Amino acid sequence: MSAGPTTAFLTRLAALKGLRPDSWYLIAAATSTALGYGQTWLPNIYRQAKVIGPSSSLSTTPQPSSSVEVTPSLLVVRRLKETLFKSAILVGVPRVIQASFALRAVTENTPDFDTSFTRESIDATAAGNNERGLVGLEMVYRKQYGPISSKMGAGMKEIRWMSENITYGLFLSPVSEAHPRYPLSFPETEMVVLSCLVAQRAKREALWHLRGCLRSGMTAEEVEALQTAIESVAEELGTDVRSDMPRVGDVEEEDDLTGL
């Protein structure tokens, strides 16, 4: 079991050329959790993110209404918690629970102990989940979601239902562009998703979300830097996720669905 990342490694990761501001700790948290090391990595990620601090642009990010003053370090904690929550549907609940307990332990009895409940007032009815899920899916897949959905419907009705109502409806679609109480934006959500997928070497899904990163407004250079950061975290954990994986240069406007 990894003892956790060193300060030197996290400092290098945060300084990686081309990364969007305040993204390095989201990438580190999602990737390490996907690989089963979240419980040892989250405490150091939080500590180093607190030292480096959020960028000035992040200070204006909309946050859930709360009577508690949202300090920069508390904002980091909320963003890490949302990263873990979104990761759960992609890498499994047990790994996320382990990482979440580790984050809780390191912040307990400090001003950064966060008791907010981001999805407290979410419309979790069947109609609300489905509407929100379809919006999120169409942001990533655009006009290709229709054909993908049709292919699923032939013999994967449960998977299609889960994708629309749970994966996106509850976990991935809530983003700050849709409502100010959600701590992560659409591009940041795609960073978390890609981190989880690349860490698991999920090739087709990684290609879909390399495209999703571009459609979220990231440049090709930013997406390449994101994937390099994911690979760096995995390499630090002794795992190769670089070889034989798609890259942003492989992305075409539409995916070839003939293999589905």
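Quick caveat, the model's predicted, so the values are computed rather than measured.
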Would E82 and R119 pass as an ion pair if we require N to O under 4.0 Å? yes

task = Check the surroundings of atom CD in E108: do more than 12 heavy atoms from other residues, nucleotides or ligands lie under 6.0 Å from it?
result = yes

In this structure, OH of Y182 is separated from CZ of F85 (nearest 0.5 Å) by 10.0 Å

Are the side chains of I52 and Y25 in contact, using a 4.5 Å heavy-atom criterion? no

Any side-chain to backbone donor/acceptor pair from Q200 onto L90? Under 3.5 Å, distance only. yes

Quiz prompt | Side-chain ion pair, R132 and D123, N-O less than 4.0 Å | solution = no

Q.
According to a hydrophobic-cluster definition based on side-chain heavy atoms being under 4.5 Å apart (Ile, Leu, Val, Met, Phe, Trp, Tyr only), do L75 and F113 belong together?
A. no

Nearest heavy-atom contact between M152 and S163 is CE-OG, 4.2 Å

Looking at F101, I want to see if its CZ is surrounded by more than 12 non-hydrogen atoms of other residues, nucleotides or ligands under 6.0 Å.
no

Using a 3.5 Å distance criterion without hydrogens, assess whether the side chain of D250 forms a donor-acceptor pair with backbone atoms of R247. yes

request  = Measure from the side-chain N and O atoms of T239 to the backbone N and O of E235, and report whether any donor-acceptor pair falls under 3.5 Å.
outcome  = no

Do the rings of Y168 and H209 sit parallel, tilted or perpendicular, given the 30° and 60° boundaries? parallel

(Q) Other residues, nucleotides and ligands only: do more than 12 of their heavy atoms fall within 6.0 Å of CD on Q98? (A) yes

In this structure, CE of M245 is separated from CG of L210 (nearest 0.5 Å) by 8.0 Å

Taking every heavy atom of F117 against every heavy atom of R181, the minimum-distance pair comes out as O-NH2, 2.8 Å

### Task
Without swapping roles, check the side chain of T110 against the backbone of T107 for a donor-acceptor pair under 3.5 Å.
yes

Exercise. Is there side-chain contact between T33 and W41, with heavy atoms separated by less than 4.5 Å?
Worked result: no

Quick one: do V51 and L42 end up in the same hydrophobic cluster if we chain Ile, Leu, Val, Met, Phe, Trp and Tyr together by side-chain heavy atoms under 4.5 Å apart?
no

### Task
Determine, using the 4.5 Å side-chain heavy-atom cutoff (strictly less than), whether V106 and I97 are members of one ILVMFWY cluster.
no

- Under 4.5 Å between side-chain heavy atoms, hopping through other hydrophobics if needed: is there a path connecting V93 to V192? no

| query | Hey, does the side chain of N165 reach the backbone of W161 with a donor-acceptor pair shorter than 3.5 angstrom? | reply | yes

Nearest heavy-atom approach of D240 to R201 is O-NH1, 3.1 Å

OH (Y145) and CG (L134) are apart, to the nearest 0.5 Å, by 6.5 Å

- Query: Is there a side-chain contact between S185 and E177 (heavy atoms, below 4.5 Å)?
  - Reply: yes

* Asked: Between the side chain of Q227 and the main-chain N/O of L194, is any donor-acceptor distance below 3.5 Å?
  -> no

Sorted by chain and residue number, the salt bridge (Lys or Arg N to Asp or Glu O under 4.0 Å) partners of E222 (sequence neighbours excluded) come out as R20

request  = Report yes or no: does K86 contribute a side-chain atom to a donor-acceptor pair with the main-chain N or O of F171 at less than 3.5 Å?
outcome  = yes

dist L170:CG -> I122:CD1 (nearest 0.5 Å) comes out at 5.5 Å

- Query: For E188 and S23, does a side-chain donor sit closer than 3.5 Å to a side-chain acceptor?
  - Reply: no

*Determine whether L207 and R204 make a side-chain contact, defined as any pair of heavy atoms from C-beta on separated by less than 4.5 Å.*
no

How are the rings of W208 and Y141 set to each other: parallel, tilted or perpendicular (split at 30° and 60°)?
perpendicular

| Taking side chain as C-beta onward, heavy atoms only, is P246 less than 4.5 Å from K203? | yes

Correct closest heavy-atom pair for A225 and L16 would be O-CD2, 3.6 Å

Original post:
Is any side-chain heavy atom of R79 closer than 4.5 Å to a side-chain heavy atom of L26?
Top reply: yes

N/O donor-acceptor pair under 3.5 Å between S32 side chain and A29 backbone
yes

Between R78 and V70, the two heavy atoms sitting closest are NH1-CG2, 3.5 Å

The reported gap from CG in D112 to CZ in R47 (rounded to nearest 0.5 angstrom) is 12.0 Å

Note: S87 and A30 closest approach over all heavy atoms is OG-CB, 3.9 Å

For this session: Spell out, as yes or no, whether a donor-acceptor pair under 3.5 Å connects the side chain of R95 to the backbone of A34.
Result: yes

Side chain to side chain contact (heavy atoms under 4.5 Å, CB included) with P5: of T11, L237, N44, T40, only one passes, and it is N44

Legend entry - Check: L19 and I27 side chains under 4.5 Å, non-hydrogen atoms: yes

Separation between CG (L103) and OH (Y46), nearest 0.5 Å, reads 8.0 Å

Q) Does C213 offer a backbone N or O that forms a donor-acceptor pair with the side chain of S216 under 3.5 Å? A) yes

E224 versus M218: any side-chain heavy-atom pair under 4.5 Å?
-> no

- Does the side chain of D114 come under 3.5 Å of the side chain of S116 through a donor N or O and an acceptor N or O? yes

